[in-house]
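One structure is given below, encoded as structure tokens.
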Amino acid sequence: MHSSLQVYNSLTRQQEVFKPVNPPYVGMYVCGPTVYGLSHIGHARCYITFDVIQRYLKHLGYQVRYVRNITDVGHLERDGDEGEDKIAKQAQLEKLEPMEVVQRYMNSFHNDMALLNVQPPSIEPQASGHIPEQIQIIQQIIDQGLAYESNGSVYFNITAYEKKREYGKLSGRNIHDLLAGTRVLAGQSEKKFPLDFALWKKANKTHIMRWPSPWGEGFPGWHIECTALATKYLGPYFDIHGGGIDLLFPHHECEIAQSQAVQSTTLAKYWLHNNLVMIHDHKMSKSLGNFITLEELFQGIHPLLSQAYSPMVLRFFVLQAHYRSTLSFSNEALQASEKGYLKLINGLRVVKKMSYTPSNLGNPNPDAISQIEQYVASCYQAINDDFNTAKLIAELFQLLRFIYALEYKQIDFYKLGKTTFELLKKTYILFVEDILGLQEHCKAAPQEFLSVILKMYAQAKQQKNYEQIDLLRAELKKLNIMLHDTARGVDWSYI
RNA sequence: GGUCGCGUGGCCGAGUGGCUAGGCAAGGGUCUGCAAAACCCCCUACGGUGGUUCGAAUCCACUCGCGACCUCCA
């Protein structure tokens with residue numbers, strides 16, 4: 001019925017028709033957070049993006065297994081022997097057990113994701129719970145002759161790997177170019193070659209997080225965790241691997257190398273990367289320190305913010321751009337998104353309670369019907385075009401015009417006919433609520449209370465009791481609800 | 001230095017050869033007890049220079065500016 005889904009594959013650098021490896025099943029792996037701090041807007045963009053992708057794949061009828069890991073070990077501050085484990089470092093700062101740090105920020109992450117209406121993944125494995133699996137893969141890489149032990153640590157042997165496979169395909173690099181930009185760091189003496197990366201690191205005496213291994217006590221390298229977890233739960237070759245574009249190199253490149261080494265696959269068929277959130281023309285990131293945490297955003301406690309913004313406003317803001325474009329963050333942009341979100345979501349309320357009620361039996365208007373059908377088709381074309389949610393939202397605003405035209409009796413239902421009306425209603429709800437995952441952000445009052453108030457308002461209106469009306473309006477305004485008169489009587493909206 | 005990408009109206013942001021998204025803001029109007037919501041009108045842009053073409057924001061060349069990755073980062 002609709003054009004088929006196409007996705008941009010970073011591995012081939014082109015848009016391809018999406019064909020699952022083993023339909024109707026779809027396996028998707030997304031790199032999750034390292035839980036040593038609060039999540040920020042950049043994290044939100046990534047997980048909202050893949051949430052929508054996951055939702056749409058389900059809508060298409062695929063049985064999706066979505067795996068998103070929690071990195072709680074092995075992620076070092078820097079490369080080389082001097083790097084400190086992020087979790088361990090934070091544990092020292094907060095005077096907590098490492099696993100206490102992990103639990104704290106994992107809880108916070110889950111809370112943020114729930115507020116953003118990001119559906120939980122099917123499986124959310126923690127790296128620390130899968131040490132044996134990681135050791136096993138490392139051993140397999142050694143057995144292939146593609147890794148070596150050095151002073152209790154194990155490194156991936158790029159030189160040996162290059163003789164069998166090509167390193168750098170995903171990021172479009174070659175060893176020569178990479179070497180040109182390599183700084184010779186002190187403490188890399190354990191490596192045979194500068195581009196070799198750690199699979200297992202020996203724990204020094206003070207290192208808290210340590211596990212026994214064939215190479216002594218230590219901990220796994222960062223890249224091996226994703227290869228191990230993805231393979232365990234999705235098999236050696238699955239459909240989609242996602243993450244932020246900043247992970248493309250070296251992280252994802254290394255994942256592919258590890259997978260090629262032991263199972264001769266690129267791990268995933270399609271590699272998808274979301275672009276970054278920019279702030280003042282620079283990437284928002286932990287290392288630059290220019291990030292705004294989700295907590296700060298939702299509470300409005302940051303110098304750059306003039307007010308608090310609801311999670312749904314952020315979700316709308318993110319989805320108004322295509323996921324592969326950079327997105328410039330500013331207070332002004334969020335203000336615009338808040339208005340746009342409210343418009344879209346008030347429309348959702350209106351259309352949900354709307355039913356086909358023609359005033360008479362006139363003839364349908366072919367032009368109106370054709371227009372709606374075209375907008376509906378455009379919605380599918382947009383989402384099928386590499387998840388172009390920006391375009392999709394534009395089309396939804398077009399459908400919204402018809403919804404209000406019906407609501408305000410500028411057009412009668414009979415002009416659309418029941419079939420087209422139902423198509424309009426169904427499509428709008430489907431995309432806004434189910435696929436984009438936007439929902440009403442205000443839970444100001446239960447519907448029952450609101451309807452009582454609306455009755456009081458209508459009564460006062462009849463009696464022209466303007467004092468009473470103004471009072472009701474003023475009180476509800478405090479709850480971000482606006483009462484207003486429509487062609488169909490009294491109604492309310494979020495403001 | 002290497003690799004890659006971007007520059008769209010006041011802001012955010014779609015758009016890869018003709019049909020010139022969308023949201024917000026600004027201005028005007030309809031409606032209204034006053035409003036709000038909604039609707040209508042208005043504002044019509046593609047860093048610069050040159051080229052290809054009947055025709056370019058869209059292709060090519062040069063140029064200016066910005067960014068990402070090459071170290072941790074969603």
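Computed over heavy atoms, backbone and side chain alike; hydrogens, waters and symmetry mates excluded.
Of the listed nucleotides (B/rC66, B/rC70, B/rC12), B/rC70 has the atom at the smallest distance from the side chain of A/L178. For A/Q320, counting side-chain heavy atoms from C-beta on, the closest listed nucleotide (B/rG22, B/rG2, B/rA14) is B/rG22. The side chain of A/A394 lies closest to B/rA21 when the candidates are B/rA36, B/rA68, B/rA21. Picking from B/rG13, B/rC69, B/rC66 the nucleotide with the shortest atom distance to the side chain of A/K283 gives B/rC69. Of the candidate nucleotides B/rC72, B/rA38, B/rA36, B/rC72 has the atom lying nearest to any side-chain atom of A/W222. Comparing B/rA74, B/rC4, B/rC12 by their closest approach to the side chain of A/R13 singles out B/rC4. Checking B/rA14, B/rA35, B/rA68 against the side-chain heavy atoms of A/Y457 singles out B/rA35 as nearest. Listed nucleotides B/rA74, B/rA38, B/rA68 differ in distance to A/M278; the shortest reach to its side chain belongs to B/rA68.
Spacing between B/rU58 and B/rA45 at atom P, rounded to whole Å, works out to 14 Å. One P atom belongs to B/rG50, the other to B/rA56, and the distance between them is 13 Å to the nearest Å. Nucleotides B/rU49 and B/rA57 have their P atoms positioned 13 Å apart, rounded to a whole Å. Separating the C1' atom of B/rU20 from that of B/rG1 is a span of 42 Å, rounded to the nearest Å. The gap from the P atom of B/rC19 to that of B/rA61 amounts to 25 Å, rounded to the nearest Å. Taking atom P on both nucleotides, B/rG7 is separated from B/rU16 by 12 Å, rounded to a whole Å.
Using a 4.0 Å heavy-atom criterion, one finds that A/K409 contacts no nucleic acid atom at all. Among the atoms of the strands shown, only primed sugar atoms or phosphate atoms (P, OP1, OP2) are found under 4.0 Å from some heavy atom of A/G243. Nucleic acid contact class of A/W492 (heavy atoms, under 4.0 Å, all strands): none. Contacts of A/L327 with the nucleic acid, taken as non-hydrogen atoms under 4.0 Å apart, involve only primed sugar atoms and P, OP1 or OP2. As judged by a 4.0 angstrom heavy-atom cut-off over every strand, A/N274 is placed among the base-contacting residues. Note on A/K339: only backbone sugar-phosphate atoms sit closer than 4.0 angstrom, heavy atoms only; bases stay farther off. Within the 4.0 angstrom heavy-atom criterion, base atoms lie near A/M284. As judged by a 4.0 angstrom heavy-atom cut-off over every strand, A/L396 is placed among residues making no nucleic acid contact. Within the 4.0 angstrom heavy-atom criterion, only backbone atoms of the sugar-phosphate kind lie near A/A321; the bases stay farther away. Contacts of A/F316 with the nucleic acid, taken as non-hydrogen atoms under 4.0 Å apart, are absent. Looking at heavy-atom distances under 4.0 Å, A/K343 makes contact with sugar-phosphate atoms alone, never a base. Using a 4.0 Å heavy-atom distance criterion, A/S287 is classed as a base contact. Looking at heavy-atom distances under 4.0 Å, A/F397 makes contact with sugar-phosphate atoms alone, never a base. Counting non-hydrogen atoms under 4.0 angstrom, A/I469 reaches a base of the nucleic acid.
Under the ring pair (Phe, Tyr, Trp, His ring centres under 6.0 Å) criterion, A/F291 pairs with A/H40, not counting sequence neighbours.
In this structure, A/K461 and A/A336 both approach RNA chain B, and ranking their closest nucleotides by distance from the 5' end singles out A/A336. Along RNA chain B, the nucleotide closest to A/C31 and the one closest to A/A333 are compared, and the more 5′ of them pairs with A/A333.
Contact check, A/R324 against B/rA14: no side-chain N or O comes under 4.0 Å of OP1 or OP2. For B/rA36, neither phosphate oxygen OP1 nor OP2 lies less than 4.0 angstrom from any side-chain nitrogen or oxygen of A/H484. Checking the phosphate oxygens (OP1, OP2) of B/rA36, no side-chain nitrogen or oxygen of A/K477 falls inside 4.0 Å. Between A/H282 and B/rG67 there is a side-chain N or O to OP1 or OP2 distance below 4.0 Å. Using a 4.0 Å cut-off, no side-chain N or O of A/Q398 falls inside it from OP1 or OP2 of B/rA21. Regarding contacts with the backbone of B/rG15, a side-chain N or O of A/N388 is found under 4.0 angstrom from either OP1 or OP2. Taking 4.0 angstrom as the limit, A/H176 places none of its side-chain polar atoms (N or O) nearer than this to OP1 or OP2 of B/rG2. Look at A/S39 and you won't find any side-chain N or O under 4.0 angstrom from OP1 or OP2 of B/rA74.
Between the base of B/rA36 and the side chain of A/R473 there is no donor-acceptor pair shorter than 3.5 Å. Counting atom types as modelled, A/D485 pairs a side-chain N or O with a base atom of B/rA35 as donor and acceptor under 3.5 Å. Residue side chain A/D470 reaches the base of B/rG33 through a donor-acceptor N/O pair under 3.5 Å, judged by distance alone.
Centroid-to-centroid, the aromatic rings of A/Y105 and A/Y36 stay 6.0 Å apart or farther. Between A/F431 and A/Y380, a ring centre-to-centre spacing shorter than 6.0 Å is recorded.
Between A/I70 and A/P125 the shortest side-chain heavy-atom distance does not fall below 4.5 Å.
In this entry B/rA38 has B/rU30 as its Watson-Crick or G-U wobble partner, both defining distances falling under 3.5 Å. Using N1 to N3 plus N6-O4 or O6-N4 for Watson-Crick, or N1-O2 and O6-N3 for G-U wobble, each under 3.5 Å, B/rU20 pairs with nothing. Across every strand in view, B/rC62 sits in a pair with B/rG48 that passes the Watson-Crick or G-U test at under 3.5 angstrom. Under the Watson-Crick or G-U wobble criterion, with both distances below 3.5 Å, B/rC43 is left unpaired in every strand shown. When both distances must be under 3.5 Å, the Watson-Crick or G-U wobble mate of B/rU3 is B/rA68.
In this structure, A/D85 contributes its side chain and A/A88 its backbone to a donor-acceptor pair below 3.5 Å.
With 3.5 Å as the limit, one finds no donor-acceptor pair spanning the side chains of A/Y47 and A/D112. Between the side chains of A/E94 and A/Q90, at least one donor-acceptor pair of N or O atoms lies under 3.5 Å. Side-chain contact annotation: A/D72 with A/Q126, donor-acceptor N/O pair under 3.5 Å present. With hydrogens and angles left out, the side-chain atoms of A/Y270 and A/E16 include no donor and acceptor closer than 3.5 Å.
Ring geometry, A/H273 versus A/H252: the interplanar angle falls from 30° to 60°, so the pair is classed tilted.
Following rounding to the nearest Å, A/N275 (CG) and B/rC69 (C1') show an atom-to-atom distance of 11 Å.
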